[in-house]
A.B. asks: 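Have a look at the structure that comes next, please.
Residue numbers begin at 1 in each chain, while the letters A, B, ... track the order of the sequences. This is a predicted model, so every value here is computed, not measured.
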Protein chains: 2
Amino acid sequence: MARSKPATLKDVAALANVSRATAARALNSYGYVGDETAQKVQAAAGKLGYRGNRLAQALRSGQLPIVGCILGDIQNPFFARIAHDIEVLARECGYNLVIGSSEEELGQEVSLLASLRSLSIRGFIVAPTSADNNAHLQGLIAENVPLILIDRVAEGVDCDSVVVDNEGGAHKAVEYLIAMGHRRIGLLQDDMRIFTSRERMTGYRTALGAAGIAPDERMIAVSQSTVEHAVDATIRLFSQKTPPTALFTVDSLMTQGALLAFRSMGISIPHNVSLIGFDDFNLATFTDPQITVVSQPVSEIGRAAARLLFDRLSGKTDAPQKLRFETKLIVRGSVSRRG
Amino acid sequence: MARSKPATLKDVAALANVSRATAARALNSYGYVGDETAQKVQAAAGKLGYRGNRLAQALRSGQLPIVGCILGDIQNPFFARIAHDIEVLARECGYNLVIGSSEEELGQEVSLLASLRSLSIRGFIVAPTSADNNAHLQGLIAENVPLILIDRVAEGVDCDSVVVDNEGGAHKAVEYLIAMGHRRIGLLQDDMRIFTSRERMTGYRTALGAAGIAPDERMIAVSQSTVEHAVDATIRLFSQKTPPTALFTVDSLMTQGALLAFRSMGISIPHNVSLIGFDDFNLATFTDPQITVVSQPVSEIGRAAARLLFDRLSGKTDAPQKLRFETKLIVRGSVSRRG
DNA sequence: AATGCGTGTGAGATCGATCTCACATGGCCT
DNA sequence: AGGCCATGTGAGATCGATCTCACACGCATT
C-alpha cells in the first residue's frame, strides 16, 4: 500500500483535472477559484494525503520555517530549560527548532552557524561563546537575519538580547558573605571569554571593593564549566595554606563540583566553609544543608527570546530590545557567620 | 558591504565566465573540467563567498541533511544526554539535528513527525510515546525512511531500536528489597502507554511473584513523569493506613518527587522507608543517605542510536538491529534491612 | 579520408510549489 | 452593439543546484 513518494501538487492537480496553478489556489485559498473546483481539489488532496513539500516552498520563498538555536550545551539544565521553552513557542508558531551545541568553542559556533545559514533558516537564538570575537554574528545583522542573543551579549552586535543581572547577582552574593563576616572569599569561575563569567566576576570584585577588601588572585580559580573540572579547581583552591573561608561559584555545574570536592576533602558546609552558587538547581534543596544561591528567572529567558524572535520574523523593525532580568539571592543554609 | 543575498552558483559561473554546469563540476569535482577552468571557478567562488544553498540541493536530491529527533522532554537529563550525544555524532557526519518534544502526547508526536517529514528529513530517532498506537511510525517504515527507536519500542514497528533491560532492572531492584526483608513494596510508575513503564512494572510483578508475594493494587501509584506529580502520588501512597515499607520509582524525576514528598511528610530514609529509583541521576549521590538506583548506560544509548541511523543513511539494509543494554543495581544507602 | 575516442563545455530539464501574466467566459452598463 | 469589469483558469517563469544529453574539438587509429 506504501506510496514510495509522497504526493505532489502535480498529482493532486492531475487527479482533480485542473492545472497546478488552480490546485495551488484552491489549497492555499487565494485568488479566484470556483467553488466546485475547490471542492474537487480538496478531495483529491485528501485522497492522496497531500502534505506539501516544505523544502520546495522554502526554496521558492527563500525562507525555511525553522529557527536555529546555538547553545553551550543542552546537558546544562539551564540551557535545556531554555531550549524546551523555545521549542514550545516555535511549535505554536509553526516552526521547527534546530539545535546545535557550541561546546563553548568559538570555531564550533561559527561553523554551526554557517551550516545553518546555508539552509536559509529564518532566525537564530544564540548564546555566544565569546564576548569579543563575533564577526559571524555581525554578519547576520548586516544581512538582516533576525538574531536574538541569550544569556550573554556580544560586543558590537546590535540586536535583541535577553540576559540577567549577573553583576548585581554576584554582588549581592558576595556582599552577603562579607556581611556574614567573611573576608577571604573564593571565586570559582568560568572562562573569561564568556560574557556571564566576566560580569559575575565584576560583581565579585565590586562587592569586595565596596567592603575595602583587597583583591587576592589566590582566591580565584578558573575552570571549565563541567562538574569534573570544577572538582579539581576547588581542590586546588582549598589546598592552599590559607584557603578561602567562603566560596562563590558562577554556575550550577561548578557548584556541584565544589560540593563533591568539599565532600572528598572532608570539608563540611557551612562549618568549615560557606558556599553560594549562581543559578538555582534541583540539587540545591536536597543537600543538607540546602545551598544558598543566586537564582535567575530561567523560565522567562527562553520564552522572552522566542517572543522577540517571532516578533522580528513577523516584521517588527523597532530598535533592538535589550532585556535584562533581575536575579535574586535565595538564602538557605550553606553560609555561616564567621568571626 | 553587506551583500543582501548570498551568492548563487549562477553568480559564480558568471564571474568565472563559464556555464552553471561547468561551475558545478568544478566545485563538486566530477565529470571533466579543464584545470584552468577549475581554478577560475574556485577563485570566483572564493571571492563571492559562495556557500551553496542546501535547500536547493535538498530539493534536487530529495534529501535534507538533517536528522529529526523526537523525545519526551529535553529537560529530562536522560533525554538531554541522549540528544547531546546524537547531535555530536550528527555534526561529525555533516548533519544537523532538529529536536522536538512530544511532551508524551501521541498527538504531538504525530504532528511533529508529519511536519518534519514534509521537510524531506532523512532519518528519525524517536522515543515513541505509545507502545501500541503507531501507524505514523509504521508509515515511515513502509516508505523506507530510516527510523531508530530509543528507550522504547513500539509494537509492529520493525526497525532498529536501542533500549535497556527495563524488566531485569526493575526485577533486580525489587528482588533486592525483598531480600532486605520488605514485603509491602510500593511502585511509583508512569503512564502505562509508555513502553518502559510497562516493562518496569512487569519486572516489579515478577519479582514479587517469585517471592510468593501477592500483588496489591494499593501499593501502586501512577503519576505523570514530573517532579510535582510524583510528589502528590507519593503522598497519596504513603497516606494509607498500612503504607509500603519500601518504594520503587520508575524514573529519576519521580525519584526526586518521592524524596521531596518524604521530606515534607517527615518520613526518613532509610529508617522509615527504603527507596530505589530507576535511572541514576546527579542528585542521587548528594543526598544523605545516597540513593540506591538501577542505572542504565545513558552515554551509550544516544551514540548507539546515532550510529545505527547513520549506517542506514549510508545504505545499510540488514535486518533491523534490536540493541538492549544491561542495567545495573547500584547499592548505596537508601535501603535498610527490615524485620 | 573516415571513424573513433578522450576531453571539455553548454543548453536545458528536473526537483515541487508558487506567482505573474494572459486568456477566456459571462453579465452589465451606456 | 461596444466596452468594461468580475470571475475563473492555465501556461510558463521562478527559486538554486545538479545531471543528462548533445556537441565540439583534437588526436589517433584503420
Side-chain angles (χ1 to χ4, degrees), chain A residues 3-42 44-45 48-66 94 115 117-122, chain B residues 3-42 44-45 48-66 94 114-115 117-122 143:
Chain A
R3 238 173 287 101
S4 56
K5 291 286 169 191
T8 72
L9 185 63
K10 205 160 91 178
D11 301 333
V12 174
L15 183 58
N17 262 315
V18 296
S19 70
R20 284 153 34 245
T22 303
R25 274 187 284 255
L27 293 172
N28 302 329
S29 38
Y30 71 93
Y32 292 109
V33 201
D35 285 353
E36 204 180 332
T37 316
Q39 302 278 332
K40 269 195 309 183
V41 173
Q42 305 282 5
L48 295 177
Y50 173 73
R51 287 210 168 283
N53 182 328
R54 283 169 74 195
L55 229 49
Q57 295 168 334
L59 176 60
R60 186 97 224 293
S61 67
Q63 296 172 324
L64 189 59
I66 288 186
S115 141
R117 290 211 52 197
S118 63
L119 281 172
S120 315
I121 275 186
R122 293 200 54 178
Chain B
R3 236 172 289 102
S4 57
K5 290 286 169 192
T8 73
L9 185 64
K10 206 159 92 179
D11 301 332
V12 174
L15 183 58
N17 261 313
V18 296
S19 70
R20 282 151 39 243
T22 303
R25 274 187 284 254
L27 293 172
N28 303 329
S29 38
Y30 71 92
Y32 292 109
V33 201
D35 285 352
E36 204 179 333
T37 316
Q39 303 278 331
K40 268 194 310 183
V41 173
Q42 306 282 3
L48 295 177
Y50 173 73
R51 287 210 168 282
N53 181 327
R54 284 168 74 195
L55 229 50
Q57 295 168 333
L59 176 60
R60 185 95 225 292
S61 67
Q63 295 172 325
L64 188 60
I66 288 185
S115 138
R117 292 211 51 194
S118 63
L119 281 172
S120 315
I121 275 187
R122 294 200 53 179
E143 301 194 21

A.B. asks: Answer whether the closest heavy-atom distance between the side chains of A:R54 and B:S115 falls below 4.5 Å.
C.D. replies: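 Yes, at least one pair of side-chain atoms sits under 4.5 Å.
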A.B. asks: With heavy-atom distances below 4.5 Å as the criterion, would you say the side chains of A:Q42 and A:L27 are in contact?
C.D. replies: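 Touching, per the 4.5 Å side-chain cut-off.
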A.B. asks: Side-chain contact test, heavy atoms from C-beta onward, threshold under 4.5 Å: evaluate it for B:L48 versus B:L15 and give yes or no.
C.D. replies: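 Sidechains of B:L15 and B:L48: in contact.
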A.B. asks: Please confirm whether the shortest side-chain N or O distance from A:N28 to OP1 or OP2 of C:dT18 is below 4.0 Å.
C.D. replies: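 For C:dT18, OP1 or OP2 has a side-chain N or O of A:N28 closer than 4.0 Å.
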A.B. asks: Output the single nucleotide from C:dG16, C:dT7, D:dG16 whose closest atom is nearest the side chain of B:A56.
C.D. replies: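 Closest nucleotide to the B:A56 side chain: D:dG16.
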A.B. asks: Between atom CG in B:L55 and atom C1' in D:dT18, what is the gap in whole Å?
C.D. replies: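 Distance check: B:L55 CG to D:dT18 C1' gives 15 Å.
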A.B. asks: Is the phosphate of C:dT9 approached by B:T37 (side-chain N or O, under 4.0 Å from OP1 or OP2)?
C.D. replies: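 So the side chain of B:T37 is within the cut-off, an N or O lying under 4.0 Å from OP1 or OP2 of C:dT9.
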A.B. asks: What is the distance, to the nearest angstrom, from the CG atom on B:L9 to the P atom on C:dT9?
C.D. replies: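 Answer to the nearest Å: 15 Å.
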A.B. asks: Does OP1 or OP2 of C:dG16 have a side-chain N or O of A:Q57 closer than 4.0 Å?
C.D. replies: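 Indeed not, no polar side-chain atom of A:Q57 lies that close.
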A.B. asks: Nearest heavy-atom pair of A:V18 and A:T37: which atoms, and what distance?
C.D. replies: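 So the two residues come closest at CG1-CG2, 3.6 Å.
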A.B. asks: Can you name the nearest heavy-atom pair linking A:V33 to A:A38, along with the distance?
C.D. replies: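 For A:V33 and A:A38, the tightest heavy-atom pair comes out as CG1-N, 4.2 Å.
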A.B. asks: Tell me whether the OP1 or OP2 atom of C:dG10 has a side-chain N or O from B:S19 closer than 4.0 Å.
C.D. replies: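 So the side-chain polar atoms of B:S19 do come within 4.0 Å of the phosphate oxygens OP1 or OP2 of C:dG10, strictly under.
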A.B. asks: From the options C:dT9, D:dG16, D:dG8, select the nucleotide whose nearest atom is closest to the side chain of B:T22.
C.D. replies: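 Of the options given, the side chain of B:T22 lies nearest C:dT9.
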A.B. asks: By nearest heavy atom, map A:R54 and B:G34 onto DNA chain C; which one lands nearer the 5' end?
C.D. replies: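 Its nucleotide being nearer the 5' end, the pick is B:G34.
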A.B. asks: Taking atom P of D:dG16 as reference, at what distance in whole Å does atom CG of B:L64 sit?
C.D. replies: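 So the CG-P distance, B:L64 to D:dG16, works out to 17 Å.
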A.B. asks: Using whole Å, what does the distance between atom P of nucleotide D:dC15 and atom CD of A:Q63 come to?
C.D. replies: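 In whole Å, D:dC15 P lies 15 Å from A:Q63 CD.
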A.B. asks: How many Å lie between CG on B:L27 and P on D:dG16, as a whole number?
C.D. replies: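 Checked: the CG to P distance equals 16 Å.
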A.B. asks: Would you classify B:S61 as touching base, sugar-phosphate or nothing, given that sugar-phosphate means primed atoms plus P, OP1 and OP2, and contacts are heavy atoms under 4.0 Å?
C.D. replies: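 The answer is nothing, as B:S61 stays clear of every strand by at least 4.0 Å.
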A.B. asks: Does some side-chain heavy atom of A:N53 sit less than 4.5 Å from a side-chain heavy atom of A:T8?
C.D. replies: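 No, too far: nothing below the 4.5 Å cut-off.
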A.B. asks: Tell me whether the side-chain N/O atoms of B:Y32 come closer than 4.0 Å to OP1 or OP2 in C:dG8.
C.D. replies: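 Looking at the OP1 and OP2 atoms of C:dG8, neither is under 4.0 Å from any side-chain N or O of B:Y32.
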A.B. asks: Tell me the interatomic distance from A:L119, atom CG, to D:dC15, atom P, rounded to whole angstroms.
C.D. replies: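 One finds 20 Å between P of D:dC15 and CG of A:L119, rounded.
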A.B. asks: Under 4.0 Å, heavy atoms only, any strand: does A:G31 hit a base, just the sugar-phosphate, or nothing?
C.D. replies: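 Contact class for A:G31: none.
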A.B. asks: To the nearest Å, how far apart are B:K10 NZ and C:dG12 C1'?
C.D. replies: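 Atom NZ in B:K10 sits about 14 Å away from atom C1' in C:dG12.
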A.B. asks: Hey, which of these two, A:D35 or A:L59, hits DNA chain D nearer its 5' end, going by closest nucleotide?
C.D. replies: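 Of the two residues, A:D35 wins.
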A.B. asks: By nearest atom, which of the nucleotides C:dT18, C:dG10, C:dT7 is closest to the A:R60 side chain?
C.D. replies: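 The closest nucleotide is C:dT18.
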A.B. asks: For D:dT18, take OP1 and OP2 only and decide whether either is under 4.0 Å from a side-chain N or O of B:Y30.
C.D. replies: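 It does not, given that no N or O in the side chain of B:Y30 lies less than 4.0 Å from OP1 or OP2 of D:dT18.
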A.B. asks: Regarding D:dG10, can its base be found pairing with the side chain of A:R25 as donor and acceptor, where the two atoms are less than 3.5 Å apart?
C.D. replies: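 It does, because a donor-acceptor pair links the side chain of A:R25 to the base of D:dG10 below 3.5 Å.
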A.B. asks: Among D:dA13, D:dG10, C:dC15, which nucleotide sits nearest the side chain of A:R20?
C.D. replies: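 The nucleotide sitting nearest to the side chain is D:dA13.
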A.B. asks: What is the separation between atom CD on B:Q39 and atom P on C:dG8, rounded to the nearest whole Å?
C.D. replies: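 Distance, rounded to whole Å: 13 Å.
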